[in-house]
Amino acid sequence: MTALRPRAAWMMTGLLASAVAASVLTSAPAHAVAGQPVKDGYAYVAKLDIDGRRSCSATLVERQWLITAASCFADDPAKGFKIAPGAPKWKTTATIGRTDLSREDRGAVVDVVELVPREDRDLVMARLARPVDEVSPVRLPDHGLLEGESVEALGYGRTKDEWVPDRLNAADFTVDSVSGGTVRISPKSPDAAICAGDTGGPTLDAWRLVGVHSTSGQAGCFGADASETRRNASETRIDDIVGWIRATASRDVLSRVNWKDAVHVVAGDFSREHGLLAEGTRSDLFVVWADGSASIFDRNDRSDAKRPFFTERKVAPKGSYWKDAEAITDTRVTDGASSGSVADGLTVRWKSGKLSTYTHVDEYGFFEEKTLAFRDSWKNARSITAGRHTANSLRDDLVVLWADGSTSMYSDTGVNGVSKETQLTKADASWTDIAQITSATFTGGATDDLLVRRNDGRTDLFPAFGPSGFRGGTTLSSQGSAWKNAQVMTAGSFGGGYRDDLLVRWADGSLSYYDDVDASGTHKEIQLVG
């Protein structure tokens with residue numbers, strides 16, 4: 001019995017098993033798994049055209065990165081998958097967001113400009129010439145596969161009766177074994193198979209990427225040897241190298257954008273996927289841009305201190321109502337266990353004088369908006385921050401800095417709204433120089449701390465801040481320090497520690513954070529952009 005065959009090898013200038021004119025192959029568009037055409041929900045599956053000589057499949061894992069099989073780019077896939085990193089040897093284009101390839105009114109066609117191969121398995125990350133905003137990337141796995149599990153395989157390869165189909169197809173498979181970097185699967189249907197042109201396509205478990213097609217028997221595929229009976233396939237395993245995928249794709253996420261345009265920057269848990277992760281994981285970042293659009297930067301794992309975010313997800317378009325936000329803070333007004341919400345919310349003071357809270361914010365939108373106040377007096381709220389400043393364990397105590405230099409606290413806004421006010425300080429002209437206040441867990445006290453940043457460069461930390469007000473403050477930076485160039489700051493876990501860090505967007509557009517801030521200082525600065 002011959003070994004399982006690399007499917008990409010079938011799409012070279014001639015078939016390995018039979019003689020077919022090169023002109024037929026080079027003119028062939030995408031192909032598909034021998035299964036059933038898909039309708040919607042798989043826009044992240046891409047078709048690769050490699051210089052007209054090969055056709056493969058791939059998956060969008062980040063806005064500017066695909067993952068596929070390295071053998072697609074090998075000189076002779078039948079002899080191995082080793083390829084050189086860098087620009088692809090042959091011009092390669094990816095069609096993304098078009099499960100029906102005849103629909104040229106949707107999706108995008110983008111060049112592949114860089115390859116980053118994985119040395120120990122048939123796998124490569126492929127960087128696109130530009131980010132693809134039209135398509136949401138696939139979800140990465142959060143657990144390993146087990147023998148007997150059901151998975152779904154997709155691709156643009158041949159079907160059982162079509163040489164050049166124009167639809168993405170899918171079929172159900174069963175996991176036979178998981179060993180090292182390989183997952184072996186077999187079809188549930190006697191007619192299903194992974195065929196030529198499917199190489200590099202995804203295998204999914206509950207909508208998460210768990211494998212990439214590498215080799216298969218190809219029985220029943222159009223043009224296959226009639227004597228071939230094997231329909232099982234060998235997949236490149238994904239779940240054990242998620243960190244490598246994230247590290248590769250996240251290297252330029254922050255540098256793609258102009259941080260001078262970041263008007264509001266707020267850290268929090270803004271994802272349905274990881275909102276209930278254990279303590280010590282990183283924070284997400286919500287950003288409102290000068291053009292009124294908004295993004296969520298999804299947290300990365302903790303393997304690299306300089307890459308705290310994996311990808312940017314656009315959650316509001318240019319010109320959206322977020323252009324009217326004057327002050328924003330992360331908040332947590334409900335218990336996740338009782339409410340079913342696994343993400344944080346946002347409290348916003350709008351230009352109109354409206355103060356409202358979104359109970360839940362994630363990559364899918366803004367949910368359960370509740371108006372807390374709507375009156376002209378709230379137009380004077382210069383800076384707001386929510387934290388855990390009372391006995392309530394939720395981060396729903398709102399501290400407000402007013403235009404006249406006075407400060408107030410509204411306790412337990414999740415229950416009380418803004419009906420329970422405690423005035424902390426009276427009007428004070430010297431406090432009108434304060435640019436921003438931020439709540440955070442810096443010192444590990446019974447309640448959160450409060451950081452006060454002034455325009456003149458001075459920053460003060462008030463540990464275990466509560467209704468008793470500003471006591472026992474510590475100066476972290478003095479008047480005239482480099483902090484006078486800070487424009488926006490937010491506190492969260494960016495290095496992955498158990499206490500908060502402080503992220504700053506500076507006047508020159510650079511971005512950095514201070515790891516593990518405490519009462520003794522800001523400590524190590526980690527430069528992210530600039």
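Any value given below was found using the heavy atoms of this structure, including those in side chains, with hydrogens, waters and symmetry copies removed. Just so you know, these numbers come straight off a predicted model, no measurement behind them.
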* If you look at every heavy atom in A70 and D122, which pair is closest and at what distance? -> N-OD1, 2.9 Å
* Structure fact -> Only residue of T347, T329, T331 satisfying side chain to side chain donor-acceptor pair (under 3.5 Å) with T357 is T347
* Hey, what do you get for OG (S250) to CZ (F309), rounding to the nearest 0.5 Å? -> 11.0 Å
* Asked: Going through the checks in order, is the side chain to side chain contact (heavy atoms under 4.5 Å, CB included) test met by I185 and V151?
  -> CA-CA 9 Å; I185 61 175; V151 293; 4.2 Å; yes
* For K370 and S356, does a side-chain donor sit closer than 3.5 Å to a side-chain acceptor? -> no
* Asked: Do other residues, nucleotides or ligands put more than 12 heavy atoms under 6.0 Å from E104 CD?
  -> no
* **Basic-acidic side-chain contact under 4.0 Å: E62, R139** => no
* Can you measure from OH (Y358) to CG (L346) and round to the nearest 0.5 angstrom? => 8.5 Å
* To do: Show the numbers, then the answer: is there a ring pair (Phe, Tyr, Trp, His ring centres under 6.0 Å) between Y44 and W207?
  => CA-CA 11 Å; Y44 45 71; W207 298 92; 7.3 Å; no
* Asked: Between S255 and V529, what is the shortest heavy-atom contact and its length?
  -> N-CG2, 4.3 Å
* Would you call the rings of F286 and F366 parallel, tilted or perpendicular if under 30° counts as parallel and over 60° as perpendicular? -> perpendicular
* To do: Quick one: pull up OG1 in T311 and CZ in R256 and give me the separation to the nearest 0.5 Å.
  => 6.0 Å
* Note, N300 side chain near P308 side chain (heavy atom, < 4.5 Å) -> no
* For E363 and D298, run side chain to side chain contact (heavy atoms under 4.5 Å, CB included): C-alpha distance rounded to whole Å, both residues' side-chain angles, the deciding distance at 0.1 Å, then the answer. => CA-CA 9 Å; E363 61 269 38; D298 196 9; over 6 Å; no
* State which residue, out of R63, K318, R313, fulfils the salt bridge (charged side-chain N to carboxylate O under 4.0 Å, His left out) condition with D133. => R63
* Asked: Does a salt bridge link R251 with E114, judged by any charged N lying under 4.0 Å from a carboxylate O?
  -> yes
* Asked: Between the side chains of S295 and E312, is a donor N or O closer than 3.5 angstrom to an acceptor N or O?
  -> yes
* To do: Determine, for K82 against E119, whether the closest basic-nitrogen to carboxylate-oxygen distance falls under 4.0 angstrom.
  => yes
* To do: Taking atom types as modelled, find out whether S271 and D362 have a side-chain donor-acceptor pair closer than 3.5 angstrom.
  => no
* Structure fact -> From the list F494, W259, F270, ring pair (Phe, Tyr, Trp, His ring centres under 6.0 Å) partner of F297 resolves to W259
* Where do R282 and D269 come nearest, in terms of heavy atoms and distance? -> O-OD1, 4.5 Å
* Quick one: pull up CD in Q64 and CG in D252 and give me the separation to the nearest 0.5 Å. => 5.5 Å
* Using the ring of each side chain (for Trp, its six-membered ring), is F367 parallel, tilted or perpendicular to H360, with breaks at 30° and 60°? -> perpendicular
* Structure fact -> Between the CZ atom in R103 and the CZ atom in R167, the distance rounded to the nearest 0.5 Å is 9.5 Å
* Asked: Under the salt bridge (charged side-chain N to carboxylate O under 4.0 Å, His left out) criterion, do R246 and D304 qualify, and how do the steps go?
  -> CA-CA 10 Å; R246 286 179 172 271; D304 190 341; over 6 Å; no
* Output field: ring centroids F310/W65 closer than 6.0 Å -> no
* Distance from F81 atom CZ to D120 atom CG, nearest 0.5 Å? -> 7.0 Å
